[in-house]
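Residue numbers start from 1 in every chain, and the chains themselves are labelled A, B, ... in the order their sequence lines are given, proteins ahead of strands.
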There are 2 protein chains.
Amino acid sequence: MKLRQGGFIISKIHQLSGRIFSRKLKDYNINDINPAQGRILFALWQKDNIPIQELAKKTALGKSTLTRMLDKLEETGFLLRVFPNDDRRKILIQLTEENKKMKIAYEQVSVEMTKLYYKGFQDSEIDEFEKYLERIFNNLKEHEAE
Amino acid sequence: MKLRQGGFIISKIHQLSGRIFSRKLKDYNINDINPAQGRILFALWQKDNIPIQELAKKTALGKSTLTRMLDKLEETGFLLRVFPNDDRRKILIQLTEENKKMKIAYEQVSVEMTKLYYKGFQDSEIDEFEKYLERIFNNLKEHEAE
DNA sequence: TGACAATAGTACTATATACAACTATTCTAT
DNA sequence: ATAGAATAGTTGTATATAGTACTATTGTCA
């Protein structure tokens, strides 16, 4: 079989882009958000009012990581823990109004990042690429679920 | 502009696959190799006798991370630091015979991982996907170099 | 209906990784 | 020929993230 190194390259991209991203955040004076928190917010902006367990799946972060990061985001006032009546084991995470400024700045950085990422790509290529990524992610998720 | 989340998914894949990979390593009783060390060896298997700086680029790990991981890999006997005469700032990293057993086992796990990753992919799709990855990695590297 | 399994979240602790500051060496431009 | 810039690597310290063990709650099936 041919030598495949997709995973190797993905790790490298993750690490390199993480460093670039956090430098960009600093340039925008966003100092109180780390990568994990960014991912949490990003997931919540798409849909909030969800339990921690679901957030863990959407961000691919560990539960224990979630707990800590949510603590901090709650302290900063970006979100709330809400206790539903139907199942008192669960906790729902709700965004507050507070995070809207953050969202705007953060998304600006994301756009810059995306431009850098996909420099020289045509839209159709990006579409195709991201479809591949989804397929891989699903493969891994299925494996985890077993 | 359309919402792009390539970076977001890549981070998730990185994290998820990291966890799966390290569990697999455990199953094969490879306990003394962490992700960074795996990446270092993987890079060295392709070409050794290179300075640390170059390894940093090839693995996208930080210099200081390299120092520490190389210490451990040297302790375990998987590699040597060699001091060239022409430039005494440099140190070359050389593999020892010792790591061959490790290499075989590690590559077996890699193959399993790759199968999982690319489940349902045709060879041509993998080729295309990995080309995209390389392009993105190069975009980021260029940006770093500036 | 009650014992035991499953699920949700948290706390403790260990590990992975990086940044910034440092030493040693080499390059460069006058 | 030498002062200052650049490069290679290391060390001290800070942060990110996860695994495991724990508590509380809910589901299940004899």
Q.
I need the A:Gln46 CD to A:Lys58 NZ distance, nearest 0.5 Å.
A.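 Rounded to the nearest 0.5 Å, the CD-NZ separation comes to 7.5 Å.
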**Q.** Euclidean distance, B:Phe129 CZ relative to A:Ile136 CD1, rounded to 0.5 Å
**A.**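 Interatomic distance, A:Ile136 CD1 to B:Phe129 CZ, rounded to 0.5 Å: 3.5 Å.
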Q: Could you list where the contact with chain A starts and ends along DNA chain D, reading 5' to 3', using a 4.0 Å heavy-atom cut-off?
A: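 On DNA chain D, the outermost contacted nucleotides are D:dA16 to D:dT26.
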Q. Just wondering, more than 12 heavy atoms not from A:Asn85 lying within 6.0 Å of its CG?
A.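 No - once you tally the heavy atoms of other residues, nucleotides and ligands closer than 6.0 Å, there are 12 at most.
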**Q.** Heavy atoms from other residues, nucleotides or ligands near NZ of B:Lys24 exceed 12 (cutoff 6.0 Å)
**A.**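 Atom NZ in B:Lys24 is packed in, count exceeds 12.
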Q) Do the rings of A:Phe8 and B:Phe42 sit parallel, tilted or perpendicular, given the 30° and 60° boundaries? A)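 If you compare the ring of A:Phe8 with that of B:Phe42, the planes turn out tilted.
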(Q) Students often mix this up, so state it plainly: with edges at 30° and 60°, are the rings of A:Phe121 and B:Tyr132 parallel, tilted or perpendicular? (A)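 A:Phe121 vs B:Tyr132 ring planes: tilted.
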Q | Worked verdict on A:Tyr106 versus A:Ile33 for side-chain contact (heavy atoms from CB on, under 4.5 Å) | A | CA-CA 9 Å; A:Tyr106 191 90; A:Ile33 290 283; 4.1 Å; yes
Q: Answer yes or no: is there a donor N or O on one side and an acceptor on the other, between the side chain of A:Gln94 and the main chain of A:Leu80, under 3.5 Å?
A: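 No: the side chain of A:Gln94 does not pair with the backbone of A:Leu80.
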Q: Measure the shortest side-chain to side-chain distance between A:Lys131 and A:Arg135 over non-hydrogen atoms and say whether it is less than 4.5 angstrom.
A: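 With C-beta onward as the side chain, the pair stays apart.
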Q) Can you find a pair of side-chain heavy atoms, one from B:Leu92 and one from B:Arg81, that are under 4.5 Å apart? A)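 They are not in side-chain contact.
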Q.
Return a single string for nucleotides 13-26 of chain C, one symbol per nucleotide in 5' to 3' order, where B is base contact, S is sugar-phosphate-only contact and - is none, cutoff 4.0 angstrom on heavy atoms.
A. B--SBBBB----BS
Q.
Report for the helix from C:dT1-D:dA30 to C:dT30-D:dA1: angle between first-end and last-end helix axes, five pairs each, rounded to 10 degrees.
A.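 Helix axis angle between the two ends: 30°.
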